[in-house]
Amino acid sequence: MRTSGSSCWERASAAGALFYHPRIAESIIDQIWRNDMKDIPYEDLIEAAAGCRILHAEGHADMTLGHLSLRDPQDRGVWMKRSGIGLGEVDGPEDFVLIDFDGRRVAGEGRIHKEWPIHTEVLRARPDVNAVGHSHPFYATLFSSMDVELEAVTNEAAFLGNEVARFDETRGLIDTQELGASLAAALGGTSTLLLRNHGVLFAGATIPEATLMGVFLERACRSQMELLKTHQRYVATPRSELAAKREQILDPNLVENFWSFYKRKADGLRRRSAEGQTFPG
């Protein structure tokens, strides 16, 4: 691995690469990392970068905190967003670091987030999961402080399934493998979890699935908190109907459509921001 000189992003930028063009990215990064390692999952990491930008645009931004990860297809460990940049600043593969399941760097540049055990331990415990995210969205973090059940008062909560798990063991960082294993145990077989006074965890078989779980969790928490403010009686979708409703509204074609929509939205907002334009929301 290269340990000196300019970053991959600087070297690729000098070569005229734009990492949201997969074929250009693959060609340029291959030249840059040729001596670093083989079998970099370029297109998967481009999707992971898009997932980070979507999370930023959908209420998960918290300075440079928050991270999304991808299981390495070659079983070498976990590709994790590097520390030091915000979710909305993630451009492409150069912003991910490959670590093994003990947190040791295998490839990539930049600092490693202290909470890497979240990702390694959930992926270790859940062979059906290939992508994991952790962030501090405003409404879901507030909701985590309340002893209130998240109910399916809107479609977003129905997307999440029958249960949103809870983690109460610590309010601090998940920065040891022991805490990571406890968090994975609390997640169980579900896709989303609220960490008390801290944030959220979301997971999926793919980057789009995990990202959408994070987006829907924040929206579901926001909807219920707005409803609770009215002090009015309300009715939620019965648990007995949730599985059927989820199947109806979250089939693979819709997941692909939602993912494409959120990518267009996030990159459109990013482009307008770079151009100095104003936009609603």
Counting distance only, does the side-chain N/O of [X] pair as donor-acceptor with the main-chain N or O of [Y] below 3.5 Å?
{"X": "Asp72", "Y": "Gln74", "value": "yes"}
{"X": "Thr192", "Y": "Leu217", "value": "no"}
{"X": "Thr154", "Y": "Ala220", "value": "no"}
{"X": "Ser182", "Y": "Glu178", "value": "yes"}

Out of curiosity, [X] [atom1] to [Y] [atom2], how far, rounded to the nearest 0.5 Å?
{"X": "Glu115", "Y": "Ser83", "atom1": "CD", "atom2": "OG", "answer": "10.5 Å"}
{"X": "Ser240", "Y": "Lys245", "atom1": "OG", "atom2": "NZ", "answer": "12.0 Å"}
{"X": "Lys265", "Y": "Ser260", "atom1": "NZ", "atom2": "OG", "answer": "14.5 Å"}
{"X": "Phe167", "Y": "Ile118", "atom1": "CZ", "atom2": "CD1", "answer": "9.0 Å"}
{"X": "Asp91", "Y": "Ile46", "atom1": "CG", "atom2": "CD1", "answer": "11.0 Å"}
{"X": "Met63", "Y": "His136", "atom1": "CE", "atom2": "NE2", "answer": "9.0 Å"}

**Message:** Within the 3.5 Å criterion, strictly below it, is a donor on Tyr234 or Glu151 matched to an acceptor on the partner's side chain?
**Reply:**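 Per modelled atom types, Tyr234 and Glu151 side chains form a pair under 3.5 Å.
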**Message:** Under 3.5 Å, is there a donor on one side chain and an acceptor on the other for Thr190 and Glu163?
**Reply:**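 Not at all, the side chains of Thr190 and Glu163 share no donor-acceptor pair under 3.5 Å.
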**Message:** Quick check on salt bridge (Lys or Arg N to Asp or Glu O under 4.0 Å): which of Glu256, Glu47, Glu58 does Lys263 satisfy it with?
**Reply:**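 Exactly one pass, corresponding to Glu47.
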Side-chain contact, heavy-atom cut-off 4.5 Å: [X] with [Y]?
{"X": "Ser144", "Y": "Val200", "value": "no"}
{"X": "Leu228", "Y": "His231", "value": "no"}
{"X": "Leu179", "Y": "Glu169", "value": "yes"}
{"X": "Pro41", "Y": "Phe96", "value": "no"}
{"X": "Met146", "Y": "Met225", "value": "yes"}
{"X": "Thr237", "Y": "Val153", "value": "no"}
{"X": "Phe143", "Y": "Phe138", "value": "no"}

**Prompt:** Should Ile54 and Trp259 be marked as a side chain to side chain contact (heavy atoms under 4.5 Å, CB included) after you check the CA-CA gap, both sets of side-chain angles, and the distance that decides it?
**Reply:** CA-CA 9 Å; Ile54 289 168; Trp259 177 245; 3.5 Å; yes
**Prompt:** Passes side chain to side chain contact (heavy atoms under 4.5 Å, CB included), Gln177 versus Asp102? Steps please.
**Reply:** CA-CA 8 Å; Gln177 288 175 291; Asp102 291 314; 3.1 Å; yes
Which pair of non-hydrogen atoms, one from [X] and one from [Y], has the smallest distance, and what is that distance?
{"X": "Phe101", "Y": "Glu121", "value": "O-OE2, 4.1 Å"}
{"X": "Arg71", "Y": "Pro127", "value": "NH2-CA, 3.8 Å"}
{"X": "Trp116", "Y": "Gly103", "value": "CZ3-N, 3.5 Å"}
{"X": "Leu194", "Y": "Val164", "value": "CG-CG1, 3.9 Å"}
{"X": "Ala158", "Y": "Ala152", "value": "N-CB, 4.1 Å"}
{"X": "Val122", "Y": "Ala184", "value": "CA-CB, 3.9 Å"}

**Item:** Crowding at CZ, Arg126 (>12 non-hydrogen neighbours, <6.0 Å)
**Value:**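 It does: Arg126 CZ has more than 12 such atoms within range.
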**Message:** More than 12 heavy atoms of other residues, nucleotides or ligands under 6.0 Å from CZ of Arg111: yes or no?
**Reply:**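 Counting other residues, nucleotides and ligands, CZ of Arg111 stays at 12 neighbours or fewer.
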Test of understanding: clusters of I, L, V, M, F, W, Y form through side-chain heavy atoms closer than 4.5 Å, transitively. Do [X] and [Y] belong to the same one?
{"X": "Leu87", "Y": "Ile85", "answer": "yes"}
{"X": "Leu160", "Y": "Leu55", "answer": "yes"}
{"X": "Val78", "Y": "Ile40", "answer": "no"}
{"X": "Leu65", "Y": "Ile112", "answer": "no"}
{"X": "Leu193", "Y": "Tyr139", "answer": "no"}

Would you mind checking if [Y] and [X] are paired as a salt bridge, meaning a charged N to carboxylate O distance below 4.0 Å?
{"X": "Arg82", "Y": "Asp95", "value": "yes"}
{"X": "Arg166", "Y": "Glu149", "value": "no"}
{"X": "Arg53", "Y": "Asp267", "value": "yes"}
{"X": "Asp147", "Y": "Arg196", "value": "yes"}

**Request:** Please check if the distance between the ring centroids of His198 and His134 is under 6.0 Å.
**Result:**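 Yes, the ring of His198 comes within the 6.0 Å limit of the ring of His134, centre to centre.
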**Message:** Which residue is it: Ile174, Leu70, Val132? I am looking for the one with a side chain to side chain contact (heavy atoms under 4.5 Å, CB included) to His119.
**Reply:**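 For His119, the side chain to side chain contact (heavy atoms under 4.5 Å, CB included) test succeeds with only one of Ile174, Leu70, Val132, which is Val132.
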**Message:** Exactly one of Leu68, Leu98, Val106, Asp44 should register a side chain to side chain contact (heavy atoms under 4.5 Å, CB included) with Trp79. Which one does?
**Reply:**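 For Trp79, the side chain to side chain contact (heavy atoms under 4.5 Å, CB included) test succeeds with only one of Leu68, Leu98, Val106, Asp44, which is Leu98.
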**Request:** Applying side-chain hydrogen bond (donor to acceptor under 3.5 Å, both in side chains) between Ser135 and each of His60, His67, Glu218, report the one that passes.
**Result:**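 Testing each of His60, His67, Glu218 against Ser135, the sole residue satisfying side-chain hydrogen bond (donor to acceptor under 3.5 Å, both in side chains) is His60.
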Under 3.5 Å, side-chain donor or acceptor atoms of residues 201-214 against the rest of the protein: list the pairs with distances, not counting sequence neighbours.
| residue | atom | partner | partner atom | Å |
| --- | --- | --- | --- | --- |
| Thr206 | OG1 | Glu209 | N | 3.1 |
| Glu209 | OE2 | Ala205 | N | 3.3 |
| Thr211 | OG1 | Ile207 | O | 2.8 |

**Message:** Set out, in order, the CA-CA distance, both residues' side-chain angles and the distance that settles side chain to side chain contact (heavy atoms under 4.5 Å, CB included) for Met80 and Val97, then state yes or no.
**Reply:** CA-CA 5 Å; Met80 185 177 177; Val97 178; 5.6 Å; no
**Request:** For the pair Arg222 and Arg219, evaluate side chain to side chain contact (heavy atoms under 4.5 Å, CB included) and give the outcome as yes or no after the intermediate values.
**Result:** CA-CA 5 Å; Arg222 178 175 183 171; Arg219 289 177 59 123; 5.6 Å; no
